[in-house]
Engineer: 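Shown below is the structure under consideration.
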Amino acid sequence: MNDDGLLHAVLAHWRILDVATAKALHHKGTVVLVTTASGDRLVLKDVGDETRAERLWSEYRLILHLDRSGVPVAVPHLAPDGRPFAEHAGKLYTLSPYLLPDAEEGPQDLKATDEHLGIAIAKLHAALATYPGVITSWTMDLTTRVFDDSIPVIRAHLPDEELGRFDRILGGIEHELRDALAGLPRRRIHGDCHTGNVVLHGTQVVGFVDLDHLPIGPAIYDICAALVDQVKWSVLDAAATSQWLAACDRVVVGYERVLPLSSREKEAIPCMMLAIQLLFAYWLFLHGNREWAEMNMQAFYWLHEHRSEISQRVSAATD
């Protein structure tokens, strides 16, 4: 949508003619933040061709349910013909409110943020569990994804001097990791709950985005994905990692204000974090992003070194 003519033509389907600014939010140019002359901020998204129509209707009905259940989501604007998307030149587009308010100034209270994060994830899970419609998606098989898919690819991309370290760590935790991932209670989850898909404003969660997969998997997958995404960017910063360790139990506290977690689920959290880092590294190596893959591997090593501390904090988590 780099073409201004195309942008204005698509927005005209919603009778928006007063565009002040337009800024791409995705490197492919498929997601654009539009600011109108009156100050409204909207997200215009290229969502594919006509074959996506039925899926978009299904997603719209689900998002309405989540919104009515108190989950912060961006409900797409209906086009004048009543559809939650518009068709233009063979492609479909959605228009939704931009969820992120102006940035707040001042230091972030990570403990409060994580507590609110846990509450928001649990409310999302609870709302998904009560949705009466059909959600077409998939079921996570983490053992297969980690051991059969991810680890062989990671080993093939690691330099020789690092491969020995990785194999030693993996040899020491493989049985524990397999046991932790097997047989966890499953429910409908977000499935990609990193900080790019959870919109924060200060300490509050103001939105969930990318709700187009929603697999069936362990509840702690979303909790752990959010936590590791916080720490992986700063594993070389001792002050930041110390702050993260002191706050990581707050996500569990917040989650359990809404939904309970079993002792087995809480015991599995350190291993789930390690598994998620392996999944991230695998995907990034596979797609040629070596720099970020190596960053995720450094986070994997750091989480392994501190898993006893994480376990202690999570097991002792109390409101």
Side-chain angles (χ1 to χ4, degrees), residues 26 28 30-31 43 45-76 83-85 92-94 96 99 117-118 120-150 181-199 205 207-229 255 258-259 261 265 268 272-273 275-280 282-284 286-287:
H26 192 282
K28 293 181 180 178
T30 55
V31 184
V43 175
K45 187 174 183 180
D46 175 347
V47 290
D49 62 22
E50 296 93 332
T51 60
R52 291 275 300 165
E54 185 176 344
R55 182 70 177 265
L56 290 170
W57 269 115
S58 177
E59 289 173 13
Y60 177 70
R61 289 189 287 268
L62 172 62
I63 289 172
L64 282 180
H65 170 77
L66 295 177
D67 182 60
R68 291 164 183 162
S69 300
V71 177
V73 289
V75 179
R83 297 187 298 176
F85 53 85
L92 303 183
Y93 298 84
T94 59
S96 306
L99 294 173
L117 182 59
I121 292 172
K123 285 183 176 179
L124 172 64
H125 289 177
L128 290 172
T130 62
Y131 182 57
V134 175
I135 301 175
T136 303
S137 188
W138 54 287
T139 299
M140 284 186 171
D141 180 355
L142 289 175
T143 302
T144 297
R145 289 180 65 202
V146 169
F147 289 97
D148 295 350
D149 299 336
S150 301
L181 298 180
L184 288 169
R186 292 176 174 178
R187 62 188 59 170
R188 185 72 64 178
I189 63 175
H190 186 289
D192 196 18
C193 205
H194 58 73
T195 50
N197 289 335
V198 183
V199 184
V205 176
F208 287 97
V209 298
D210 281 0
L211 296 161
D212 54 350
H213 295 298
L214 304 175
I216 295 171
I220 61 169
Y221 185 93
D222 279 353
I223 294 171
C224 293
L227 281 172
V228 299
D229 197 59
Y255 191 95
V258 181
L259 293 172
L261 290 169
E265 288 175 296
M272 182 64 76
M273 290 184 185
I276 287 171
Q277 287 308 112
L278 294 175
L279 294 174
F280 284 164
Y282 152 74
W283 191 90
L284 291 162
L286 202 62
H287 289 81

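Keep in mind that the numbers below use all heavy atoms, side chains included, and drop hydrogens, waters and symmetry copies.
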Engineer: So, N197 versus H190: side-chain donor-acceptor pair below 3.5 Å or not?
Structural biologist: no
Engineer: Would you give the length of the straight line joining atom CG of L124 to atom CZ of F208, rounded to the nearest 0.5 angstrom?
Structural biologist: 5.0 Å
Engineer: Check the surroundings of atom CD in E50: do more than 12 heavy atoms from other residues, nucleotides or ligands lie under 6.0 Å from it?
Structural biologist: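 Atom CD in E50 is crowded, with more than 12 foreign heavy atoms closer than 6.0 Å.
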Engineer: Using modelled atom types and a 3.5 Å cut-off, is there a donor and acceptor pairing between side-chain atoms of S150 and backbone atoms of R145?
Structural biologist: yes
Engineer: Examine distances only and state if a side-chain atom of D222 and a backbone atom of G191 form a donor-acceptor pair shorter than 3.5 Å.
Structural biologist: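 Pair found, side chain donor or acceptor close to backbone of G191.
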Engineer: Go through V258 and H125 one step at a time and tell me if the side-chain contact (heavy atoms from CB on, under 4.5 Å) criterion holds.
Structural biologist: CA-CA 10 Å; V258 181; H125 289 177; over 6 Å; no
Engineer: CG/L66 to NZ/K123 distance, rounded to the nearest 0.5 angstrom?
Structural biologist: 13.0 Å
Engineer: What distance separates L117 CG from L227 CG, expressed to the nearest 0.5 Å?
Structural biologist: 7.0 Å
Engineer: Any idea how F85 and W57 line up, ring-wise: parallel (<30°), tilted (30 to 60°), or perpendicular (>60°)?
Structural biologist: perpendicular
Engineer: So, does R186 use its side chain to make a donor-acceptor pair with the main chain of M140 at under 3.5 Å?
Structural biologist: yes
Engineer: Looking at every heavy atom in both C224 and I276, which two are closest together, and how far apart are they?
Structural biologist: CB-CD1, 3.6 Å
Engineer: F147 pairs by side chain to side chain contact (heavy atoms under 4.5 Å, CB included) with which of D149, T143, T144?
Structural biologist: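 By the side chain to side chain contact (heavy atoms under 4.5 Å, CB included) criterion, F147 pairs with just one of D149, T143, T144: T143.
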Engineer: For residues L184 and Y221, determine if any side-chain heavy atom of one lies less than 4.5 Å from a side-chain heavy atom of the other.
Structural biologist: no
Engineer: Quick check: closest heavy atoms across G196 and D229, and the distance to 0.1 Å?
Structural biologist: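 In terms of heavy atoms, the two residues are closest at N-OD2, 4.4 Å.
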Engineer: Verify, without hydrogens or angle tests, whether R188 (side chain) and L128 (backbone) share a donor-acceptor contact under 3.5 angstrom.
Structural biologist: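 Side chain of R188 to backbone of L128, a donor-acceptor pair under 3.5 Å: no, none is there.
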Engineer: To check you understand the geometry: which heavy-atom pair defines the closest contact between Y131 and S58, and what is its length?
Structural biologist: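 Smallest interatomic distance, heavy atoms only, reads OH-O, 4.1 Å.
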